[in-house]
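Scroll down for the structure; my scribbles are underneath it.
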Amino acid sequence: MLTPHLQRDADGSLRYERLPLATIAERFGTPSYVYSRAAISENYRAYRDAFARAAPLICYAVKANSTLGVLALLAAEGAGFDIVSGGELQRVIAAGGDPARTIFSGVGKRRDEIELALAHGIRCFNVESEAELHRINEVALAHAIRARISFRINPDVDAKTHPYISTGLKSNKFGVAHADAVRLYTVAAAMRGIEVHGIECHIGSQITELSPYVDALRRLLALVDQLSARGIAVKHLDLGGGRGIRYQDETLVPMHQFAQAVEREMAGRALELVLEPGRSIVGDAGLLLTRVEYLKPGETKNFAIVDAAMNDLIRPTLYDAFHAVVPVVQRAEQAVCYDVVGPVCESGDWLAKARPLAIAQGDLLAVLCAGAYGMTMASNYNTRVRPCEVLIDGEHAHVIRERERFADLIAHERIVR
Ligand code: LLP
C-alpha cells in the first residue's frame, strides 16, 4: 500500500509527486524526511471541506511536525495552531502563523510561557489543573489583562488506542476530572484575570473509531448545559485531535461520517467548534528515505542495516508502531525476510520487523507514514546528525531543513580545563 502522491512508475521505481525518490536521495542524501506539499494541503482541506457546515477553527497540532516550512504552508491554508510550549509558539510566529488563532495546551505551562503567550495575544489556554488556573490568573492580573481559558476535561472514555497515546482515561495525567469541572468553572468565572471561553478534551491519538469521539462530545455537551444553567456561558467546544491514519490495514471511520456525527451532536447550539488534528494532517504526507548499508544474513534472522535509525524515527521501538517499508526500485529477485535496523547501539534500534524485501546493499528504502512524530521526536543519540527535510512541490524539491552538521551538535558544549 502506498501513500497519497507516492506512485510506482512503469519501470518499477517510486516517484513522489513528480520527482523520483532516487533523484531526491542523490540530490540531498540519506537519511532524509521527504514530504508532499499536495498531500499536506489535501489533508488539511479534507477537514475544512468535511466540516464546511460547522466551519471549525482547525488548530493544527504543532508537535506532530513543527518544521517552519510545514507550519508556513498550513498557515497559508488558513490553519490555526495548537501548541504545547513557548518554543512551539515562537515557531508558529516565525512561520507566519497567527497567535490569535492559536491555542495553548499542555499540563506544565511555565510562567514565562504564559507571559509570552499573553503578550502575543494567544486565543485561549487549555487549562489542565486548578494550580495552573491560579497561575494564569496571576500572570494576567500582573499585566492587567484577561486570559481566555478552556478547561481540558478528562471525559474518562476509552479511545481504544495504544496505552502510551491514550489520554482520555481517568488514570492519565491529562485534563481535569469530569466530576470536578463545574466547581472549577465556577472558580474561574469569579477570577478577574480570567475569561471563561471554552471547553476542551483530547482523548488520545491514532483513533480509528467514531464512538469514543461521540461519547466524549456528549459528556462535554452535558457539561456545557450544566454550566449554562449556572450562568456560565461557554463559547467554543474543542474536540481535540487524535484522528488516526492508515499505517497498515486500519479501517478508519470516513472523514465525512466523523464530521456529520460531530455536527449532528452540536446542531442548534451557538458553539464554535475547534479541532486539534496533528497526525491526520501530516502523517501520511511524509516518508523517511534511507539507504541499505549492509545485508547481514543470520541463523535465525536476516538484518538489513540501513542508514536511518531509532534516533531518526523512534515510533517503531517506542510504541511497537508499524511503518510500511518499500524499496524505491523494485527488483525481480525473490523477497527475503528482513528486520530493518539502524546503526545505533541498542537492540531496540529497529524500524521494521520480519518484512519480505527483495533488496541489495546500496538500495534505497522508503519508510512510509513518517510525516507525523518523526522528525519532531528525533534525537542526536550516538552523535548522529538529524536528517534533512525536503518538501516536494510538483517537480520541485525544497530543503525546508538542512541536514545537521557535527558543528551544530557541539555548538553549545564547553570543555572545562
Ligand atoms: N491536542 C493535544 C492536546 C494533544 O496532546 C495531541 C497529541 C494532539 C492534539 C494531536 O493529536 P493527533 O491528532 O496527532 O493524534 N508521539 C505519539 C503521539 C503523541 C500524541 C500526543 N498528543 C505517536 O508518535 O504516535
Side-chain angles (χ1 to χ4, degrees), residues 33 40 43-44 46-47 56-66 70 74 79-85 88 92 102-109 123-129 132 150-155 159-169 172-176 198-209 212-213 216 220 237-248 250 252-253 255 258 274-286 288 310 312-323 351 367-379:
Y33 275 103
I40 297 173
N43 285 339
Y44 175 79
Y47 272 96
L57 176 62
I58 304 166
C59 292
Y60 165 68
V62 171
K63 63 171 83 72
N65 187 319
S66 59
V70 171
L74 287 164
F81 296 93
D82 169 49
I83 56 160
V84 290
S85 69
E88 284 192 349
V92 166
T102 300
I103 51 181
F104 197 161
S105 303
V107 293
K109 301 173 194 80
R123 182 187 191 84
C124 190
F125 291 93
N126 287 338
V127 178
E128 304 219 19
S129 66
E132 187 197 337
S150 288
F151 280 102
R152 173 169 178 179
I153 309 298
N154 191 331
K160 297 172 194 152
T161 180
H162 193 288
Y164 286 11
I165 51 179
S166 175
T167 49
L169 282 172
N172 290 122
K173 71 173 174 179
F174 299 103
V176 302
I199 190 164
E200 192 248 8
C201 71
H202 171 79
I203 53 175
S205 204
Q206 185 56 17
I207 300 168
T208 54
E209 295 180 34
Y213 281 111
L220 254 54
L237 184 146
D238 180 343
L239 198 51
R243 182 174 164 79
I245 61 169
R246 192 149 201 244
Y247 284 103
Q248 188 172 12
E250 297 91 334
L252 281 176
V253 55
M255 182 71 97
F258 175 42
V274 178
L275 301 169
E276 303 171 359
R279 186 192 318 269
S280 49
I281 303 283
V282 288
D284 66 1
L288 178 59
M310 66 186 285
D312 304 306
L313 180 65
I314 202 164
R315 301 195 70 259
T317 190
L318 189 56
Y319 311 117
D320 227 346
F322 178 95
H323 286 263
L351 299 174
V367 183
L368 305 188
C369 289
Y373 307 109
M375 189 61 173
T376 47
M377 293 180 80
S379 78

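Whatever order the structure lists them in is the order used to number ligands and atoms, beginning at 1.
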Among Arg243, Glu128, His202, closest by heavy atom to atom 11 (O) of ligand 1 is His202
Heavy-atom side-chain contact between Tyr247 and Arg279 under 4.5 Å: yes
Counting only heavy atoms closer than 4.0 Å, does ligand 1 sit against the backbone of Asp82, its side chain, both, or neither? side chain
I need the contact type for Arg315 against ligand 1. Using non-hydrogen atoms and a strict under-4.0 Å cut-off, is it side chain, backbone, both or neither? side chain
Just say parallel, tilted or perpendicular for the rings of Phe258 and Tyr213, cut-offs at 30° and 60°. tilted
Side chains of Ser280 and Tyr47: do they bring a donor and an acceptor to under 3.5 Å? yes
Arg152, any N or O under 3.5 Å of ligand 1 N or O: no
State the CD1-CZ distance between Ile103 and Arg152, to the nearest 0.5 angstrom. 10.5 Å
Can you name the atoms of ligand 1, numbered from 1 with element, that are less than 4.0 Å from a heavy atom of Glu276? 1 (N), 2 (C), 3 (C), 8 (C), 9 (C), 10 (C), 13 (O)
Using side-chain heavy atoms (C-beta onward) and a distance below 4.5 Å, is Ile199 in contact with Ile153? yes
For Gly241, the atoms of ligand 1 under 4.0 Å from one of its heavy atoms are 9 (C), 13 (O)
Does any N or O atom in Met377 lie less than 3.5 angstrom from one in ligand 1, N or O only? no
Measure the spacing between CG of Leu318 and CE of Met377 and express it to the nearest 0.5 Å. 5.0 Å
Kindly confirm or rule out an N or O of Glu200 lying under 3.5 angstrom from an N or O of ligand 1. no
Considering only heavy atoms from C-beta outward, does the side chain of Thr208 approach that of Val253 to under 4.5 Å? no
With respect to Ser105, determine whether any N or O atom, backbone or side chain, lies less than 3.5 Å from an N or O atom of ligand 1. no
What atoms of ligand 1 come closer than 4.0 angstrom to any heavy atom of Arg279? 12 (P), 13 (O), 14 (O), 18 (C), 23 (C), 25 (O)
Distance filter under 4.0 Å to Pro277 heavy atoms, resulting ligand 1 atoms: 13 (O)
Heteroatom distance test (Ser280, ligand 1): nitrogen or oxygen, under 3.5 angstrom: no
Nearest non-hydrogen partners of Leu220 and Asp238, listed with the distance: CD2-O, 4.2 Å
Nitrogen or oxygen of Ala61 less than 3.5 angstrom from that of ligand 1: no
Applying a 4.0 Å heavy-atom criterion (strictly less than), which segment of Phe174 is in contact with ligand 1: side chain, backbone, both, or neither? neither
When you measure from the heavy atoms of Gly242 to every atom of ligand 1, does any distance fall below 4.0 Å? yes
Can you name the nearest heavy-atom pair linking Ala285 to Asn43, along with the distance? CB-ND2, 4.2 Å
At a non-hydrogen distance cut-off of under 4.0 Å, which region of Ala64 contacts ligand 1 (side chain, backbone, both, or neither)? neither
With a 4.0 Å cut-off on N to O distance, would you call Lys63 and Glu88 a salt bridge? no
